[in-house]
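To start, the structure itself, in structure tokens.
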Amino acid sequence: MNLRRDVFQAIADPTRRSILMLVAAQSMTAGAIASNFDTARPTVSKHLQILTECELLRSEQNGREIIYHLNPNKMKEIADFIEPFRKMWDEKFNKLEDVMKAYQNKNT
């Protein structure tokens, strides 16, 4: 049975978010990624597998090494999904800021 990984469950894990941040700055091998964590390399490999299955990372075989690259298209899909929520909260915070300014002006 082949279950499709959920991208939001994948990025919910702080280690996977850290891996994404590392690879966003520079494409890296699994060993280079693992050297940034205090966990066993097989654990990091499992995180890389999940991120690759979700298409957040792409892997490229380079001789005996596998190099991981960030998939910006998939990251954009996530950003596009989140954008309406960000706009909604920006509007709510702007309204709250207006209320607080009016309150401060009234009391000065």
Side-chain angles (χ1 to χ4, degrees):
M1 178 183 230
N2 187 13
L3 297 176
R4 182 165 152 70
R5 298 258 184 207
D6 180 77
V7 70
F8 291 100
Q9 287 177 333
I11 62 174
D13 184 278
T15 300
R16 289 193 282 269
R17 289 194 307 269
S18 295
I19 290 170
L20 289 172
M21 296 296 289
L22 283 169
V23 177
Q26 177 181 343
S27 297
M28 303 173 89
T29 63
I33 294 167
S35 70
N36 288 277
F37 298 93
D38 292 330
T39 58
R41 187 169 173 164
T43 303
V44 173
S45 292
K46 183 64 177 173
H47 287 304
L48 291 170
Q49 176 187 358
I50 291 168
L51 291 169
T52 303
E53 287 174 6
C54 290
E55 299 176 355
L56 292 166
L57 294 180
R58 291 181 295 106
S59 60
E60 172 191 1
Q61 188 79 36
N62 187 4
R64 292 176 50 177
E65 294 184 319
I66 297 176
I67 300 175
Y68 291 90
H69 307 274
L70 188 70
N71 180 355
N73 294 331
K74 193 63 164 184
M75 296 301 290
K76 182 170 178 351
E77 285 180 32
I78 295 169
D80 290 348
F81 176 81
I82 293 171
E83 183 62 19
F85 300 102
R86 189 193 61 78
K87 285 181 180 178
M88 176 189 67
W89 282 106
D90 280 349
E91 289 172 12
K92 289 182 184 289
F93 285 125
N94 288 338
K95 287 178 185 175
L96 178 60
E97 185 177 20
D98 292 343
V99 168
M100 294 301 294
K101 284 180 182 176
Y103 178 78
Q104 286 175 342
N105 291 337
K106 182 178 162 182
N107 291 322
T108 56

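The shown structure was predicted, so the numbers you read here are calculated from the model rather than taken from an experiment.
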Going by heavy atoms in the side chains, are [X] and [Y] under 4.5 Å from each other?
| X | Y | value |
| --- | --- | --- |
| T43 | F37 | no |
| D13 | R17 | no |
| L20 | L70 | yes |
| I33 | Y68 | yes |

Same apolar cluster (I L V M F W Y, side chains within < 4.5 Å links), [X]/[Y]:
| X | Y | answer |
| --- | --- | --- |
| I78 | F85 | yes |
| F93 | M88 | yes |
| F8 | L57 | yes |
| V7 | I82 | yes |

Roughly how far apart are [X] [atom1] and [Y] [atom2], rounded to 0.5 Å?
| X | Y | atom1 | atom2 | value |
| --- | --- | --- | --- | --- |
| N94 | K87 | CG | NZ | 13.0 Å |
| Q26 | L22 | CD | CG | 9.5 Å |
| I19 | L51 | CD1 | CG | 5.5 Å |

Between E97 and K101, does at least one N-O distance fall below 4.0 Å, as a salt bridge requires? yes

With a 4.0 Å cut-off, would you call K76 and D80 a salt bridge? yes

Nearest heavy-atom neighbours spanning [X] and [Y]:
| X | Y | answer |
| --- | --- | --- |
| E83 | R86 | OE2-NH2, 2.5 Å |
| A30 | R41 | CB-NH2, 3.8 Å |
| R16 | Q9 | NH2-O, 3.6 Å |
| S27 | I67 | CB-CG2, 3.8 Å |

Per the side chain to side chain contact (heavy atoms under 4.5 Å, CB included) rule, which among N71, I50, I11 passes with L56? I11

Does atom CD of Q49 have more than 12 heavy-atom neighbours, drawn from other residues, nucleotides or ligands, at distances under 6.0 Å? yes

Pair R58, H69: side-chain N/O donor-acceptor within cut-off below 3.5 Å: no

